[in-house]
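Before any comments, here is the structure.
For clarity, every value in this text was computed on a predicted model and none was experimentally measured.
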Amino acid sequence: PAQHLRSYVRMRGSADGSLVAEVTQGFVYALLPTGRPRLLWQSRGFQLSRYRQEADGAWNCHSNYFGTFADAASGAPISEWDNPFTGRRDVLPPTVYGPMDYVLTASRTLVKPTAAERAAALAERRVRRWSRTGDLVSILDELGPPGDAGKPPDLDLVTLSARVADLADPALASVPSQTAFGAVEPWREWMRMEARPGMLLWHLQSTKVNGVAELPPELVAAADARRPGFVAGAV
């Protein structure tokens, strides 16, 4: 489990405590009770994170995420949207998460765990689901609150992929990797969907880049305009 967890950290971020920058892009769909999912927007964003190992063997991830919306067809940035379900024009606020801290164990990712939850996760001998195809290793991570029966669906599925040769190189604290991200969640509050049935499906991918300097400048500017010092504070 300890080796698996360190490999997961190297794929997801960096084991030497350095800042990790990732660029994210993809599509957001409406899942309706009947018919095909309906494409609503494209999504563009970035994440900044640091990882450190703690005394009990768990890893802490300190993370900030900023995301914007773009037109579904053209990919041009948009700040307003004509909601086809309600007939209203809605403002599209950026998605801002952070600063947030996650606890990583070999078996799961925890958000604000109690001492008992943390101890139980560390005691588990199982690891995240992983597979190997040729020279490619993939690890699946499931993120979501436990014991949520009866609540609206809210689940993130994250698949990290990297080359076996890179993982086998001990000199690489941060392993080149690609991340595929899917999430199912209730309608966003600003959509004003009221009691209309359905939910959102996010289908994104992210890639590590070489530091803040390689983040799209228009996204950095938008993040700092929304929350001054967003990027500098993470660095």
Between [atom1] of [X] and [atom2] of [Y], what distance do you get to the nearest 0.5 Å?
X	Y	atom1	atom2	answer
Met11	Leu172	CE	CG	12.5 Å
Gln42	Gln25	CD	CD	8.0 Å
Leu32	Arg196	CG	CZ	11.5 Å
Thr114	Glu117	OG1	CD	3.5 Å
Leu160	Ser206	CG	OG	8.0 Å
Thr179	Lys208	OG1	NZ	7.5 Å

Note, [X] side chain near [Y] side chain (heavy atom, < 4.5 Å):
X	Y	value
Glu80	Leu92	no
Leu104	Leu110	no
Arg38	Tyr29	no
Thr95	Arg188	yes
Leu140	Val158	no
Thr24	Tyr65	yes
Phe46	Glu22	no
Pro94	Arg226	yes

(request) For side-chain contact (heavy atoms from CB on, under 4.5 Å), just list the numbers for Gln47 and Ser63, CA-CA rounded to whole Å, side-chain angles, deciding distance to a tenth of an Å, and then say yes or no. (result) CA-CA 7 Å; Gln47 180 164 289; Ser63 175; 3.3 Å; yes
In one Ile/Leu/Val/Met/Phe/Trp/Tyr side-chain cluster, 4.5 Å: [X], [Y]:
X	Y	answer
Met193	Val28	yes
Val220	Leu19	yes
Val96	Leu48	yes
Leu136	Leu167	no
Leu5	Ile139	yes

Check [X] against [Y] and note the closest heavy-atom contact, atom names and distance.
X	Y	value
Val127	Pro1	CG1-CA, 3.8 Å
Tyr51	Gly13	CE1-CA, 3.4 Å
Arg118	Ala58	NH2-CB, 3.7 Å
Val164	Gly134	CG2-O, 4.3 Å
Ala21	Leu215	CB-CD2, 4.1 Å
Val175	Ala162	CG1-CB, 3.8 Å

(message) My understanding is that only residues two or more places apart in sequence, or in another chain, count here; which of them pass side-chain hydrogen bond (donor to acceptor under 3.5 Å, both in side chains) with Asp169?
(response)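 For Asp169, no residue satisfies side-chain hydrogen bond (donor to acceptor under 3.5 Å, both in side chains) once neighbours in sequence are set aside.
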So with a 6.0 Å cut-off around [atom1] of [X], is the heavy-atom count from everything else above 12?
X	atom1	value
His203	NE2	no
Arg88	CZ	yes
Arg36	CZ	no

(message) Between Arg129 and Glu142, does any side-chain N to carboxylate O distance fall below 4.0 Å?
(response)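 A salt bridge links Arg129 with Glu142.
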(message) Quick test of your reading of the model: are Arg192 and Glu194 salt-bridged, counting only N-O distances below 4.0 Å?
(response)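 Salt bridge absent between Arg192 and Glu194.
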(request) Just say parallel, tilted or perpendicular for the rings of Trp190 and Trp81, cut-offs at 30° and 60°. (result)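 Perpendicular: the ring planes of Trp190 and Trp81 meet at over 60°.
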(request) Classify the ring geometry between Trp187 and Phe85 as parallel (under 30°), tilted (30 to 60°) or perpendicular (over 60°). (result)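 The arrangement is tilted - the two ring planes meet at 30° to 60°.
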(request) Determine, stepwise, if the pair Thr207 / Gln205 fulfils side-chain contact (heavy atoms from CB on, under 4.5 Å). (result) CA-CA 7 Å; Thr207 304; Gln205 61 184 13; 5.9 Å; no
So, does [X] use its side chain to make a donor-acceptor pair with the main chain of [Y] at under 3.5 Å?
X	Y	result
Asp224	Phe230	yes
Arg128	Ala106	yes
Thr105	Arg108	yes

(message) I'd like to know whether Ser138 forms a side chain to side chain donor-acceptor pair (under 3.5 Å) with Ser161, so could you lay out the CA-CA distance, the side-chain angles of the two residues, the decisive distance to 0.1 Å, and finally the verdict.
(response) CA-CA 4 Å; Ser138 297; Ser161 299; 2.9 Å; yes
(request) Carefully, step by step, assess Val91 and Ser79 under the rule side-chain contact (heavy atoms from CB on, under 4.5 Å). (result) CA-CA 6 Å; Val91 173; Ser79 58; 5.8 Å; no
(request) Give the intermediate values and the outcome of side-chain contact (heavy atoms from CB on, under 4.5 Å) for residues Met191 and Leu200. (result) CA-CA 11 Å; Met191 296 176 70; Leu200 293 175; 4.0 Å; yes
(message) Would Arg44 and Phe69 count as a cation-pi pair here, with the cationic atom under 6.0 angstrom from the ring centre and within 45° of the axis?
(response)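 No, cation not above the ring by the 6.0 Å, 45° rule.
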(message) Using the rule given for side chain to side chain donor-acceptor pair (under 3.5 Å), can you reason through Glu185 versus Trp202, listing the C-alpha separation, both sets of side-chain angles and the distance that settles it, and then say yes or no?
(response) CA-CA 8 Å; Glu185 66 173 19; Trp202 297 71; 3.1 Å; yes
